[in-house]
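Just so you know, ligand 1 is whichever comes first in the structure, and atom 1 is the first atom listed for that ligand.
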Amino acid sequence: MGWRILKFIEHLFYRRHRHGRGIHSPYLFDLVHGAIFNAKRIAVPEGIRTIHHSLLKDPTLIPALSVGQESKVDRAGNRSVASFARGSSVSPKYGALLFRVSRWFQPEMVIELGTGLGISTLYLSAGSPGIPLHTLEGNPHRAEFSEKLIKRSGLKGVKVHRGAFEELLPELEHDLKGRYLAFMDGNHSYEPTLRYMRTLLGIAGEEALVILDDIHWSREMHRAWKEVCSWPETRVSVDLFHMGILLLRRDLQKARVKIKF
Ligand SMILES: C[S@@+](CC[C@H](N)C(=O)[O-])C[C@H]1O[C@@H](n2cnc3c(N)ncnc32)[C@H](O)[C@@H]1O
């Protein structure tokens, strides 16, 4: 925890690209100013915001089943929707970021590792409505909850796959061709993160975008993030501290950017 605070302070004081300054690549500039810092112009649909806010107060209990590397709270037993939504799901601020990045990138498909209750799924899908979104969840109770939530939202094209990422990813590989946006938000540890990243790189076409959650959550995740950023395929990395964005596009110059979001 102390280490994480230290990393956060370091991030806050890193000044080079503080609010997206000093970025010369037009593509990256567009991502930063057209999506990341464009919250005033690009609003999340009211319906999604209303659903999210209702979940933050929902006392319904959902059984916990430990899958992957989860929080200590999660292993403790049943957890209310409100507790999960507050502690383990994206916040409204980061949900809105997912919405804007999805809207900006306009992928042909979205892949999400870690549906949870389906909150991040709503934002990703709302950003690129109607396109196929495959979301993977190992806890069947959460998967069931998320299916109902997605139905309630009226969003189309979303499929919740139940099971472990390790088993589902190889089964899905043939469906996952094309220009995708991936969001990795489950099993936050070093080796699995690198393994999932390698699978995603294997199916990437000319262009893809990967968002990783909690990149400085632990030393392991920090190490995994640094390593994937060093790979030749991950041309551009944008470190927002709580999330990291990787742009996979061969014609981009290698660049690493840290931003105070
Ligand atoms: C942090 S939560 C996802 C939250 C969700 N993305 C959101 O922001 O609303 C991570 C989820 O990943 C699932 N998970 C973790 N490791 C997994 C694995 N190896 N296979 C399948 N599901 C896994 C957990 O059950 C948990 O629900």
Side chains of [X] and [Y] only: does a donor on one sit below 3.5 Å from an acceptor on the other?
{"X": "Asp30", "Y": "Trp104", "value": "yes"}
{"X": "Asp213", "Y": "Tyr94", "value": "no"}
{"X": "Ser120", "Y": "Glu112", "value": "yes"}

Should [X] and [Y] count as side-chain neighbours, where that means a heavy-atom distance under 4.5 Å?
{"X": "Phe145", "Y": "Thr115", "result": "no"}
{"X": "Arg142", "Y": "Phe84", "result": "yes"}
{"X": "Thr193", "Y": "Met184", "result": "yes"}
{"X": "Leu247", "Y": "Arg235", "result": "no"}

Contacting atoms of ligand 1, where contact means under 4.0 angstrom from a heavy atom of [X]:
{"X": "Asn187", "result": "15 (C), 16 (N), 19 (N)"}
{"X": "Asp185", "result": "1 (C), 2 (S), 3 (C), 4 (C), 5 (C), 6 (N), 7 (C), 8 (O), 10 (C), 11 (C), 12 (O)"}
{"X": "Ser88", "result": "1 (C), 2 (S), 4 (C)"}
{"X": "Gly163", "result": "20 (N), 21 (C)"}
{"X": "Ser89", "result": "7 (C), 8 (O), 9 (O)"}
{"X": "Gly138", "result": "21 (C), 22 (N)"}

Touching ligand 1 at all, [X]? Heavy atoms, strictly under 4.0 Å?
{"X": "Tyr196", "result": "yes"}
{"X": "Thr115", "result": "yes"}
{"X": "Pro192", "result": "no"}
{"X": "His188", "result": "no"}

I'd like to check whether [X] has a polar contact with ligand 1, where a contact means an N/O of the residue lying under 3.5 Å from an N/O of the ligand.
{"X": "Glu137", "value": "yes"}
{"X": "Val90", "value": "yes"}
{"X": "Phe165", "value": "yes"}
{"X": "Phe183", "value": "no"}

**Message:** Measuring from atom 26 (C) of ligand 1, which candidate in Arg142, Glu166, Met184 has the nearest non-hydrogen atom?
**Reply:**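 Of the listed residues, Arg142 has the closest heavy atom.
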
**Request:** Determine, considering heavy atoms only, which of Ser120, Gly116, Gly186 sits nearest to atom 9 (O) of ligand 1.
**Result:**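 It is Ser120 that holds the nearest heavy atom.
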
**Message:** Among residues at least two apart in sequence or on other chains, which ones pass side-chain hydrogen bond (donor to acceptor under 3.5 Å, both in side chains) with Tyr123?
**Reply:**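 His52.
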
**Prompt:** Can Val101 be reached from Val32 by stepping across I, L, V, M, F, W or Y side chains whose heavy atoms are under 4.5 Å apart?
**Reply:**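 Same hydrophobic cluster.
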
**Request:** Mind telling me whether Phe37 and Phe261 have parallel, tilted or perpendicular rings, with 30° and 60° as the class edges?
**Result:**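 The rings of Phe261 and Phe37 sit tilted, inter-plane angle from 30° to 60°.
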
